[in-house]
Amino acid sequence: MNIVCLDMEGVLVPEIWIAFAEASGIPELKRTTRDEPDYNKLMDFRLNILKEHGLGLKEIQAVIARIDPLPGAKEFLDELRAVTQVIILSDTFEQFAQPLMKKLGWPTLFCNSLEVAPDGTITGFRMRCEKSKLTTVKALQSIGFETIAAGDSFNDLGMIQASKAGFLFKSTEQIKADHPELPAYEEFSDLLRAIKAAL
């Protein structure tokens with residue numbers, strides 16, 4: 001029994017925080033897990049900037065509503081889901097992801113949750129579990145699944161390395177250079193071929 005675990009942002013959809021940084025004109029918000037391996041540190045940094053600028057969930061959701069999946073992402077997912085089980089493992093939040101999941105045809109998503117005050121201020125965040133991607137892959141393996149994983153950032157490396165086959169997709173030159181042992185792809189057709197070969 002195989003199950004494919006995919007990262008979401010940077011792999012299937014554009015980076016939400018980068019899109020919001022561009023829309024809000026706040027360049028500091030372009031920082032992602034490609035730049036900062038410590039996710040809690042990154043989120044604390046982001047929430048402080050939102051607070052400084054008086055921005056909340058409503059403003060971010062308005063930007064997300066205009067984001068489309070990467071070209072070819074839905075077709076890739078549809079073809080992949082026709083041959084195997086797929087779970088999207090993301091460090092994003094359910095309050096951000098829903099419109100994007102709709103555009104992708106409602107794939108299964110495991111992510112986290114924001115703490116939001118009645119006025120829409122984002123006051124904190126709740127991670128589903130520690131090292132959520134790696135923990136989820138190990139849990140799937142413990143109940144009899146073999147996992148195949150793909151992602152683009154530091155926080156994807158654990159699940160990629162722990163899987164029977166793992167791939168970098170649309171990753172950075174630095175991550176690719178640091179991990180020459182991981183096959184790296186830029187096109188959905190190549191990633192699909194590699195995953196099918198690993199099934």
Side-chain angles (χ1 to χ4, degrees), residues 1-18 31-47 60 64 69 73 76-77 80-81 83-98 100-101 104 106-116 122-172 174-176 178-185 191 194-195 198-199:
M1 291 286 288
N2 290 293
I3 196 155
V4 175
C5 300
L6 298 173
D7 176 38
M8 183 180 89
E9 291 181 70
V11 171
L12 298 170
V13 303
E15 292 277 356
I16 289 169
W17 287 97
I18 290 177
R31 203 166 166 72
T32 72
T33 49
R34 291 172 166 210
D35 313 298
E36 174 53 72
D38 184 330
Y39 192 74
N40 286 341
K41 195 167 149 188
L42 178 63
M43 275 308 298
D44 288 337
F45 170 78
R46 287 166 168 169
L47 295 187
I60 299 174
I64 292 168
F76 161 77
L77 258 187
L80 190 55
R81 290 164 74 196
V83 294
T84 189
Q85 299 296 311
V86 179
I87 295 179
I88 298 171
L89 300 181
S90 176
D91 280 337
T92 193
F93 304 95
E94 53 194 6
Q95 293 92 337
F96 290 178
Q98 201 167 8
L100 296 165
M101 292 303 99
L104 287 170
W106 299 111
T108 300
L109 169 71
F110 289 3
C111 66
N112 304 302
S113 185
L114 291 169
E115 294 166 351
V116 184
I122 301 170
T123 56
F125 57 97
R126 281 198 309 275
M127 303 303 279
R128 191 168 45 80
C129 58
E130 190 71 24
K131 292 185 179 167
S132 63
K133 297 181 185 193
L134 176 60
T135 303
T136 302
V137 157
K138 287 188 166 170
L140 290 166
Q141 291 166 349
S142 78
I143 55 170
F145 286 103
E146 289 198 86
T147 60
I148 297 166
D152 69 323
S153 292
F154 287 111
N155 62 339
D156 300 314
L157 292 171
M159 73 169 179
I160 291 170
Q161 291 162 334
S163 294
K164 76 164 180 177
F167 310 103
L168 292 171
F169 187 67
K170 297 183 184 292
S171 190
T172 65
Q174 186 61 58
I175 293 173
K176 288 189 278 193
D178 289 347
H179 295 278
E181 77 283 4
L182 296 176
Y185 301 106
L191 179 60
I195 292 172
L199 288 171

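- Taking OH of Y185 as the reference point, atom CG of L191 lies at 8.0 Å (rounded to 0.5 Å).
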Kindly determine whether V83 and I195 satisfy side-chain contact (heavy atoms from CB on, under 4.5 Å), including the steps that lead there. CA-CA 10 Å; V83 294; I195 292 172; over 6 Å; no
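- In this structure, D91 and S132 approach most closely via the heavy-atom pair OD1-OG, 3.1 Å.
- D35 CG to T172 OG1: the interatomic distance, rounded to the nearest 0.5 Å, is 8.5 Å.
- Here the closest non-hydrogen pair linking L77 and P107 is CD1-CG, 3.9 Å.
- Side-chain contact check for F145 versus V4: every heavy-atom pair is 4.5 Å or farther apart.
- Considering all non-hydrogen atoms of both residues, C5 and T147 come closest at SG-CG2, 4.4 Å.
- Between the side chain of D156 and the backbone N or O of S153, at least one donor-acceptor pair lies under 3.5 Å.
- Sparse packing is recorded around CD of E130, with 12 or fewer heavy atoms of other residues, nucleotides or ligands lying under 6.0 Å away.
- Heavy-atom contacts from other residues, nucleotides or ligands closer than 6.0 Å to CD of Q85 number 12 or fewer.
- In this structure, the separation between CD1 on I16 and CD1 on I60 is 9.0 Å, given to the nearest 0.5 Å.
- Pairing each heavy atom of M159 with each of A149, the nearest pair is O-CB, 3.6 Å.
- A donor-acceptor contact shorter than 3.5 Å links the side chain of K164 to the backbone of A198.
- Here the CG atom belonging to D152 is positioned 5.0 Å from the CG atom belonging to D7, to the nearest 0.5 angstrom.
- Remark: E115 CD is packed, more than 12 non-hydrogen atoms of other residues, nucleotides or ligands lying under 6.0 Å away.
- The backbone N or O of N155 lies less than 3.5 Å from no partner atom in the side chain of Y39, so there is not a single donor-acceptor pair.
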Any chance you could lay out the side-chain contact (heavy atoms from CB on, under 4.5 Å) test for M101 and I88, step after step, and finish with the verdict? CA-CA 10 Å; M101 292 303 99; I88 298 171; 4.3 Å; yes
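- S113 pairs in a side-chain contact (heavy atoms from CB on, under 4.5 Å) with only one of the listed residues (M127, E94, R128), which is E94.
- Relative ring orientation between F169 and F76 is described as parallel, the plane-to-plane angle staying below 30° on a 0-90° scale split at 30° and 60°.
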Show your working on side-chain hydrogen bond (donor to acceptor under 3.5 Å, both in side chains) between S90 and E9 and close with a plain yes or no. CA-CA 7 Å; S90 176; E9 291 181 70; 4.5 Å; no
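- Proximity of a side-chain donor or acceptor of R46 to a complementary backbone N or O of R31 within less than 3.5 Å is detected.
- Around NZ of K131, the count of heavy atoms belonging to other residues, nucleotides or ligands within 6.0 Å does not exceed 12.
- Using a 4.5 Å cut-off on side-chain heavy atoms (C-beta onward), I175 and L182 make no contact.
- Of all heavy-atom pairs between L6 and V86, the closest is CD1-CG1, 3.9 Å.
- Of the possible polar contacts, one joining the Q95 side chain to the L114 backbone as a donor-acceptor pair under 3.5 Å is found.
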Could you go step by step and tell me if F154 and D38 meet the side-chain contact (heavy atoms from CB on, under 4.5 Å) rule? CA-CA 9 Å; F154 287 111; D38 184 330; over 6 Å; no
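- A distance of 9.0 Å separates CG in N112 from CE in M43, rounded to the nearest 0.5 Å.
- Contact check for L100 versus T92: no side-chain heavy atoms found under the 4.5 Å cut-off.
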Test side-chain contact (heavy atoms from CB on, under 4.5 Å) on V137 and L89; report intermediate values, then the result. CA-CA 9 Å; V137 157; L89 300 181; 4.2 Å; yes
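- Looking at L42 and W17, their side chains never come closer than 4.5 Å, going by heavy atoms from C-beta outward.
- Atoms CD and CG, on Q161 and L134 in that order, are 9.0 Å from each other to the nearest 0.5 Å.
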